[in-house]
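See below for the structure under consideration.
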Amino acid sequence: MEPIPVFVPTELYLALAVVLFVMGALGVVIRRSAILIFMSIELMLNAGNLAIVAFARHWGQVGGQVLVFFVMTVAAAEVAVGLALIVTIFRSRRSINVDELHQMEG
Amino acid sequence: MIQMPTLESLNFGVAFPALSLVIGAVLLLVVDVFLPERRKGLVPWLALLGVLVSLAVSMINYNEVGEAFSGMFIADPFTSLVNIIVLISAALSILLAMDYLRRTEMEHRSDYYLLLLFTTSGMLFMGAANDLIVVFVALELLSIPLYVLSGFRRPNLKSEEAALKYFLLGAFASGFLVFGIAMIYGATGTTNLPGVWAGTAAIVESASPSLYLLLLGVGLIVVSLGFKVAAVPFHMWTPDVYEGAPTPVTAFMSVGTKAGSFAALLRILVVGLPTLILTGATSAAWANTLAILAALTMILGNFVALRQMNIKRMLAYSSIAHAGYILMAVAAAGDPAVGNQGVQAALIYLLTYAFTNLGAFAIVIALERNDGTGGQLDDFRGLASQRPVLALLMTFFMLSLTGIPLTAGFIGKWYVFLSAINAGLVLLAVIGAVTSVVAAFYYIRIIVRMYLQEGDANIGTSRLSYTLGAAILVAGLGTLIFGVLPFLVADLTQGVQIVRTIAQIAGGG
């Protein structure tokens, strides 16, 4: 039996992307661990990726998919630097809770 | 169908200033590995050479117009002027860093200059971006090395903390940028800025629901670049990062990042979306938002700076305030009739601010003690009797930041206010003028401490090093020359015409 092609409309992809993006943004605001904040940021980036890929299909282009590759590559570079920074700060103060980062006030 | 790019469509020649810096940075990366420890002192000079070559090329090809990489990269006077602002800042901050790193015993860590070159090339690409993909990649090329540079003074806790804060908020902002780009791509079907412009015109005309996607996209992009230029309410990271980061990094960040991010903001808004004019309005939909942000930024930046007792924090809030003045010019550019004038005003402001602010930071570095203390306002007491020349120059830079005539700062403010008034943003210009008066209080407070109060300014350097002296001299000369000969900036920016108008539809853009 032939599988029935299911065409998910772009609007649904966009709705999912918005939900993921908002979850990510809320995560950044609510979470207190640097790692979890960073994971939330990754969620935001990937929500953007999902939206771009959905639109690329909508417009029938490969341009958007190329953009997603750039975003993924850059996100990986960001992970490398970000985790290094988190490790450095963990070494010197044994905590990655961002509420405890208050050397400077004013 | 995928086509192989030809050499003509890549057109490397027009991208030479940016490419030469990237190639130079990569070469230096290799050279740095093979240099023996005792020869590391060569690296900053090579980095400086690379920056100066790129600067010379930008100046020689100032008026050249052309596209490279199949229309993703554009060279025109706008690009050249942004290049010049960024490269001068980079050259000065290399000179500052040579002094600072030696005194803090980090001289062997020559990777500092490599990171600086990479972030500078990111800024150059920001100014030349003709495609949202380039904006994104350039923004990250600008940001990622700066995250590392902010934490360069590890294991200093403040520096580490600054790096983590800057990283988390910077990455947060790039999340907004990606989603904003996704929305604009979804609405127009292209990431190319002239393409976005053509798509916008069609969407506005037909009033299709894609308009909401566009508005959301513009909003998200303004948020993300607002983080980078430190506009209120996205400024929370600025004082902490500016205070914690090594001072030469702060100096470069306050000028270079602003120049790059404002350049990208102007490109996106003025080249891509100037016709996003809602029915019944006379200026672009983003202009009102930016005007509100500008007002908030000027008010908060200047008033909070009043109660700062640490010079780096004070300059951080002052840099937030200055972002507000530049935002005023960007908001003015939303009026199609004033578009180019607004863009020119923003660039003039960035140019004059670059010299002034780097000069001020250079003097802060001269006064800073090697353990990072010496940055309190009270440390300026009695400086005039001990180091009259430094005190005089600091006075000059503070007056320029205030915007007193015969300094570069005045010229910047003049053009910004003029463009705002021409765009009908009179209330905004009044807010700007009033907050400038407020700003005078905290700048002049430093002058008062230096000249009228007794004290022993316990300064970090017994003798000024040649590199630091050269940086202060160049910054001072720049501030003076642009202040006394204002026609120079007018000549420089005359060719900056990037606004796309409806009339260009007929000409095929």
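Only heavy atoms go into these numbers, but all of them, side chains included; no hydrogens, no water, no symmetry mates. Please read all numbers here as calculations on a predicted model, not as lab measurements. Residue numbering restarts at 1 for every chain, and letters A, B, ... go by the order of the sequence lines.
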TODO: For Gln61(A) and Gly189(B), indicate whether the former's side chain and the latter's backbone hold a donor-acceptor pair under 3.5 Å.
DONE: yes
TODO: Return yes if some donor-acceptor pair links the side-chain N/O of Tyr185(B) with the main-chain N/O of Ile52(A) below 3.5 Å, else return no.
DONE: no
TODO: Report the option among Gly63(A), Ala56(A), Ala51(A), Gly60(A) that has the most heavy-atom pairs separated by less than 4.5 Å from atoms of chain B.
DONE: Ala56(A)
Task: Under 4.5 Å from any heavy atom of chain A - which part of Ile181(B) - done: side chain
Task: Distance in Å, Leu45(A) CG paired with Phe172(B) CZ, rounded so as to fall on 0.5 Å steps - done: 11.0 Å
Open item on the list: Which atoms of Leu177(B) are under 4.5 Å from chain A, going by heavy atoms: the side chain, the backbone, both sets, or neither?
Closed with: neither
TODO: Sort Ser143(B) into side chain, backbone, both or neither according to what part of it lies under 4.5 angstrom from a heavy atom of chain A.
DONE: neither
Task: Residues Arg93(A), Glu161(B): salt bridge by 4.0 Å N-O rule - done: yes
- [ ] Any chance you could measure Leu132(B), atom CG, to Phe70(A), atom CZ, to the nearest 0.5 Å?
- [x] 13.0 Å
Open item on the list: Which atoms of Ser159(B) are under 4.5 Å from chain A, going by heavy atoms: the side chain, the backbone, both sets, or neither?
Closed with: neither
Open item on the list: Let me confirm one number: the CG-CG distance from Leu164(B) to Leu85(A), rounded to the nearest 0.5 Å.
Closed with: 6.5 Å
Open item on the list: Under a 4.5 Å cutoff for heavy-atom pairs, which residue among Gly186(B), Gly151(B), Ala182(B), Ala171(B) has the most contacts with chain A?
Closed with: Gly186(B)
- [ ] Describe, in one word, how the ring planes of Phe21(A) and Phe176(B) are oriented to each other, choosing from parallel (under 30°), tilted (30 to 60°) and perpendicular (over 60°).
- [x] perpendicular
Open item on the list: Could you tell me if the side chain of Phe179(B) sits less than 4.5 Å from the side chain of Val18(A), heavy atoms only?
Closed with: yes
